[in-house]
Amino acid sequence: MTINEIQDELIDDFSFFDDWMAKYEYIIQLGKELPLIDDRYKTDHYLIKGCQSKVWLHADHQDGRVIFTADSDAIITKGLVGLMVKVLSGHAPDQIANSNLYFIDEIGLKEHLSPTRANGLLSMVKQMKLYAVALNAKA
Amino acid sequence: MERTAVLERFDVNNVRKDFPILTRTVNGKPLVYLDNGATTQKPRQVIDAIAHYYTQLNSNVHRGVHHLSQLATDAFEVTRRKLKPFINAAHEHEIVLTKGTTESINLVATCYGKAFLHAGDEIIISTMEHHSNIVPWQIVCEERGAVLKVVPINEAGELDMAAYRSMLSDRTKMVAITYVSNALGTVNPVKEIIDLAHASGAAVLVDAAQAIQHLPIDVQALDVDFLVFSGHKMYGPTGIGILYGKEKWLNAMPPYQGGGEMIKEVTFAKTTYNELPFKYEAGTPNIEAGICLAHAIDYIQEIGLDQIARHEHELLEYATRRLLEIPGLRIIGTAKEKSSVVSFLLDGVHPYDVGVILDKLGVAVRTGHHCTQPLMDRYGIPGTVRASIAVYNTTEDIDALIAGVERAAAMLR
C-alpha cells in the first residue's frame, strides 16, 4: 500500500468511532502494536524530547525502504507515534520526504501536532522526514 | 459580629458569577479550571477595567502634560498606592513594577550581583525552586565567581531546616526561597528563614508568586529584603509583575536597564538616574496591566485573603482525601503546611496521558515538571499531574477531577 492508501484506510477506521474515548482506546491499542525500538538505541542519541513525554526513534534502510522503530514513555504518545510509523514505515525515502500527512487533520488529532503540544510529536514527524532526506541523499 | 456577616456572605456561586470564562465549555463539557497555579481567570471587574482603559484612558505614563497622559499616570500610580498596604510596605517607592515574577528575580539577581557579589560568596536556594528562581542565580554566580548552594527537602517536600542552618555563614550573601512551592504546595517557614539569614548578614528574596493570592503577606513583619510576584496569578492581567525591595537595597543597587523613564538627566558625558522606583522602570511599562491590577487587588480585598485561604484549604483537604481513595494514586508533596496545590501520580501511568484524558473531559490541570526539573529529579519522577485551586473552585470541580482521574486510570492501565 502507498502512504496515501494507508492514510485513507486510517481515516476510514477512525470514522467508525463516534466518541473520543473509543478513539483514544484505539490509539492506545496502536501503541501496543508499535514496532519497538531495539533497547540499544534507546539512548539520548535517538531521543526526541518533548517538554513532557519522550520519544525514541530509529530509522533503518533496508532494500530501498526506510524501516522505523520507536518507543515512548507515555502511552498516548506511543499510540500517536504508532500511527506515524504505521503510515511512514516501509516506504522509499523520497516518498516519505515528500509525503503530505493529511490524515492527521481528518481523524481529528491535529491538536497533538501543534507546536505547543508537549509530546514532541511534531519534532518526531520532522525527524522522520529528515531521516528519509538523509537516506535519499546517501542512496 | 461583623466577621460572621462577612463569612455568611461568601458564597462561591456568587464569586463564580464574576468570572465569565467559567461558563464556557471545553470539548463539549463544562470547563473545570484547576490550573490556577499557572494563571488565574479574571473577574468581570478586571476585564471591564481593561476595556475602560482603552476606551477612555489610553496614553503614555509619566511623560505627557496632556490630560489623558495625566489620567493614565494617575491610574497607574493608584496601583502602586494600593500595593503598598496590600503587602504593608513602608514606602510606595519600594514597589517596582516589572513584567512578572521572572523579571523581578532577574532584576534582583543582576543588580544585587553587580553591587554586592564577589568571588567565593554564596547564594542559597532550595530544591523546590521554580526554574525562574534557579537560573538567574546560576547566571550571576557564574559571572561573579560565586557559589550556589541548595537546601535539600525531605520526602514530604519540606525544607531541611537543619541543613539550611548549617549552610549559612559569613560567605552567604543572598537566600532566595519560594514562599509556596508551585509543584508541591508546601508553605515554607519564611519568617524563620529570613531571621536566620539576617543573623548571618545575608539578604533574602522571597518568591511569592504562589503565595500572594492565597495568604496575607506583611513585608515589614517578615522583614524580607525582596518580595516578588505576578499580577496574572492573582486575578489580574498578564504582563505586570511586582518587585518589593527595601529602600536601602534599591538605592544601593545599580539600575537594571537603561532607557526612558529611569533617567534624571542624560548628557553624552554622564547620565544621572531617576529616583525610586523609576530608576528600575526603564521604557514604557505595560500600562494597561499596571492600571488594571488595581482592580484585582480590590477584588481580593473585597472577599478577603482570610476567607479565600479558608475556602481553598477546605477544597484542598477534600481533594486530597478523595484522590487518596483512588487505588495506586500517590500524592507528591505531603508537607504539614500546604496551600492550594495537590500534585499526584497514578502508578504506572505517565502524567501526560492523564492530562490528555482530563482535557477531553473539560478538566484543565497542569502536567509535567512544572518548571521544577531538579525537584522532579529529587523524587525520581518525570513530572506530576497538578491540580491548583483558586477562590472560584467548588467541590463539584473536585468531583469532576476525581471522576476524570478514575476514568483515566481505567483507560490507561
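In the text below, chain A, chain B and the rest are named by the order of the sequence lines, each starting its count at 1.
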Answer yes or no: does atom NZ of A/Lys129 have more than 12 heavy-atom neighbours from other residues, nucleotides or ligands under 6.0 Å?
yes

Please output the residues of residues 396-404 of chain B in contact with chain A, using a heavy-atom cutoff of under 4.5 Å, in numerical order.
none

Would you indicate whether the side-chain heavy atoms of B/Val356 and A/Thr77 approach each other to under 4.5 Å?
no

Mark yes when over 12 heavy atoms from residues, nucleotides or ligands other than A/Lys42 sit less than 6.0 Å from its NZ; otherwise mark no.
yes

More than 12 foreign heavy atoms under 6.0 Å from CZ of B/Arg330: is that the case here?
no

Roughly how far, to the nearest 0.5 Å, is the CE atom of B/Met411 from the CD1 atom of A/Ile76?
6.5 Å

Which one of B/Asn27, B/Val349, B/Leu412, B/Asp353 has the most heavy-atom pairs closer than 4.5 Å to chain A?
B/Asp353

As an exercise, state the distance from NE2 of B/His350 to NZ of A/Lys78, rounded to the nearest 0.5 Å.
12.0 Å

Is the count of non-hydrogen atoms from other residues, nucleotides or ligands lying under 6.0 Å from A/Arg65 atom CZ greater than 12?
no

If I measure from the heavy atoms of chain B, does A/Ile75 come under 4.5 Å with its side chain, its backbone, both, or neither?
both

Counting only heavy atoms not in A/Lys126 (residues, nucleotides, ligands), do more than 12 fall under 6.0 Å from its NZ?
no

Should the heavy atoms of other residues, nucleotides or ligands under 6.0 Å from CD of B/Glu142 be counted, would the total exceed 12?
no

For A/Asp44, does the CG atom have more than 12 heavy-atom neighbours from other residues, nucleotides or ligands under 6.0 Å away?
no

